[in-house]
Amino acid sequence: MVVPGSEPGSKRHGTLLLHSDRVSAIGDPGLKMFSVGTIPASANTGRSAAWTPKQAPRGSGAGAGPETPEVAARSTGPPGGALSDHGDPDEAPTGEWRVRGPAFSFAPHPSSARRAMRLRPLRSLPRVPRPSPLVPISTQSPFCARASRSPAVPSRLSGAGPGHCAHLSQVAGPVDCGDPDPVVGFLNWCRRVGLELSPKVAVSRQGTVAGYGMVARESVQAGELLFVVPRAALLSQHTCSIGGLLERERGALQSQSGWVPLLLALLHELQAPASRWRPYFALWPELGRLEHPMFWPEEERRCLLQGTGVPEAVEKDLANIRSEYHSIVLPFMEAHPDLFSLRVRSLELYHQLVALVMAYSFQEPLEEEEDEKEPNSPVMVPAADILNHLANHNANLEYSANCLRMVATQPIPKGHEIFNTYGQMANWQLIHMYGFVEPYPDNTDDTADIQMVTVREAALQGTKTEAERLLAYERWDFLCKLEMVGEEGAFVIGREEVLTEEELITTLKVLCMPAEEFRELKDQDGGGDNKREEGSLTITNIPKLKASWRQLLRNSVLLTLQTYATDLKTDQDLLSNKEVYAQLSWREQQALQVRYGQKMILHQLLELTQVGSFPVP
């Protein structure tokens, strides 16, 4: 049964898709199992702190940019911060993995610790997406121009649509693991590589929201260990069969995305007859069924997602993927014809593998003292990448020096699916990086963006004389100097908080303050009294802002709403009419959910900024 708004083929969130395929349990008698509280010495479990990016992860589509998120630690484990029954007191904590799937974006690490300033080259291999452990690698795609701030020229890849993508079997050939059932073959492989699964979980298609997933065969308590993945079982540029070559050629393989070595490792292993990863590949989705917007026809993408910021992000991705392939990847493969057959020397296949890595890989966050280093390279994590996503997830992936562990974060009843989190991600990020969304109002992490230049435009519209107009530009230049705004930045508004609180409140203050006060502030070079006169700029505090601030914010919201092709009522009518909604294509349904969630946030701001209804002077 397919729920309206969903279809098989890619990872889905908990309410989008149901399957009736048979269950393939993991009760392989030959597979090493463990019970809670008894963990192999190799597990070396350590307490971990969840990493929460303050920036990239929760931004909304229209203009989220290259700035990489700052990382702050917060506890997400069981009460008390300890994981029950599986802690190793001798091992120091090493942090948590960002949730899954690096986003392909070429954005530079911000020079200053701005909380969430997003510059328009949308996506940037974020260091750690806003939330979760191994938080999905990013909330940005590393293929969104890292250095360029100018709009990318749209780039279409020939034949790169779902109907034209190669199936994995066309690249790797039939996967013969000696087992007719790919799940059985995968579980036998797990036994050989030391990947241990709890007898309480099962790899299955039945009872999951999309493709393969993991379900609880018995009730699971918070803190219980679900599976352990030794680092030797990870598929990376270091563990693949050409790891030595990739390391020797590291300098020649440097790229803005940082993904080239892993992608080359995948290209080689996919066509290597004796690849040790073949049973793992058998559980991968068909490359021809990936539903990222980068595989949609350009006209359809622009029509359905106008105003959300996704089309701009995809265009940058496509242009940068093409450039990276022709300048680095193809020359490398041609220089090593014995390692890369002709069938994998394909821009189309490279495009598909980028999408796969974006949706299925993990990226280990840097430690606080390593903040200035380049982000870690993405890796493929067997078993962990089987789990689907839900904002209200029930499991987290943790890591230690020798292994990774998936741990339940809340009770999971028998028969229920086990969900990881790909991060606290807005729907525009989910559709762009994973090919699905969470229907309104399920995604509590959804956001909407107000372009910074839109606020400038609203301020200019409020000027009456040329002198006032020139002063508005002067104020804007001053904010740019303070690194509070940028030509391609956006203010990020969540459903309950303003993620770019400091940037927005400073911008409103400077653009609305009396001319004399601005002159004094400018003379002090921005070093005057920085106390927040109006308190924190949370959603609940917006009505308490000065009337001039609220009016400027309101005008900015109205201008933002004009960028969408449809208004809120049109989208509401489609969502409320079940028969009409069911007749929409899957892509139309997904795009509708993205647009609607953003517009609901923006309309909430309209209500909160009605100047005439508030007594605040």
Side-chain angles (χ1 to χ4, degrees), residues 9-11 21 24-26 28 30-32 100-101 165-197 202-205 211-214 227 229-246 259 261-290 333 336-346 348-350 352-357 359-362 378-387 404:
S10 60
K11 287 293 182 183
D21 306 352
S24 296
I26 66 168
D28 180 352
L31 181 60
K32 248 203 306 188
R100 230 259 299 297
C165 298
H167 291 318
L168 184 59
S169 60
Q170 292 176 280
V171 178
V175 178
D176 182 10
C177 311
D179 296 295
D181 187 332
V183 173
V184 173
F186 173 71
L187 295 176
N188 288 333
W189 177 82
C190 288
R191 180 183 63 247
R192 293 194 297 271
V193 300
L195 197 162
E196 304 171 84
L197 298 119
V203 176
S204 172
R205 279 186 179 275
Y212 289 107
M214 200 168 283
F227 57 82
V229 185
R231 283 189 178 266
L234 305 182
L235 173 49
S236 72
Q237 64 198 66
H238 305 294
T239 60
C240 68
S241 57
I242 59 171
L245 173 63
L246 295 176
W259 293 13
L262 174 61
L263 289 163
L264 283 169
L266 296 181
L267 286 167
H268 172 71
E269 296 294 341
L270 282 175
Q271 43 91 73
S275 174
R276 65 179 291 220
W277 309 99
R278 290 174 73 79
Y280 165 56
F281 296 151
L283 295 191
W284 275 13
E286 293 182 2
L287 298 183
R289 300 188 67 188
L290 297 175
M333 290 193 292
H336 301 280
D338 55 324
L339 299 176
F340 299 94
S341 64
L342 290 176
R343 67 177 181 271
V344 298
R345 298 182 212 172
S346 159
E348 181 181 347
L349 175 60
Y350 190 72
Q352 295 163 3
L353 288 180
V354 166
L356 186 84
V357 169
Y360 284 81
S361 65
F362 294 75
V379 298
M380 308 303 292
V381 185
D385 58 14
I386 291 175
L387 272 61
L404 284 67

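Counting only heavy atoms from C-beta outward, the side chains of V379 and L262 never approach each other to under 4.5 Å. Looking only at side-chain heavy atoms (C-beta outward), D385 and L283 stay at 4.5 Å or farther from each other. Using a 4.5 Å heavy-atom threshold, the side chains of P182 and Y212 count as touching. Looking at heavy atoms from C-beta onward, L235 lies out of side-chain contact with P382 at the 4.5 angstrom threshold. At least one side-chain heavy atom of M333 sits under 4.5 Å from a side-chain heavy atom of L264. No side-chain heavy atom of Y280 sits under 4.5 Å from any side-chain heavy atom of L195. Side-chain contact check for H336 versus I242: every heavy-atom pair is 4.5 Å or farther apart. Contact check for L270 versus W284: side-chain heavy atoms found under the 4.5 Å cut-off.
Taking CE of M214 as the reference point, atom CD1 of I386 lies at 5.0 Å (rounded to 0.5 Å). The CG atom of L263 lies 4.5 Å from the OH atom of Y350; values are rounded to the nearest 0.5 Å. The SG atom of C190 sits 5.5 Å away from atom CG of L197, with the distance rounded to the nearest 0.5 Å. Considering CG of L353 and CG of L290, their distance stands at 9.0 Å, rounded to 0.5 Å. Note that the OG1 atom of T239 and the CE atom of M380 stand 11.0 Å from one another [nearest 0.5 Å].
The backbone N or O of L287 sits nowhere less than 3.5 Å from a side-chain atom of Q352 that would complete a donor-acceptor pair. Side-chain atoms of S275 do not come within 3.5 Å of backbone N or O of A272 as any donor-acceptor pair. Of the possible polar contacts, one joining the W189 side chain to the R276 backbone as a donor-acceptor pair under 3.5 Å is found. Within the 3.5 Å criterion, the main-chain N or O of A265 finds no donor-acceptor partner in the side chain of Q237. Side-chain N or O atoms of E269 include none that pairs as donor or acceptor with a backbone N or O of R278 at under 3.5 Å.
Looking at residues two or more places apart in sequence or on another chain, you find no ring pair (Phe, Tyr, Trp, His ring centres under 6.0 Å) involving H238. For S346, the side-chain hydrogen bond (donor to acceptor under 3.5 Å, both in side chains) criterion is met by no residue, not counting sequence neighbours.
P285 approaches Y360 most closely through the heavy-atom pair CG-OH, 3.5 Å. Between V344 and Q271, the closest heavy-atom pair is CG1-CG, 3.4 Å.
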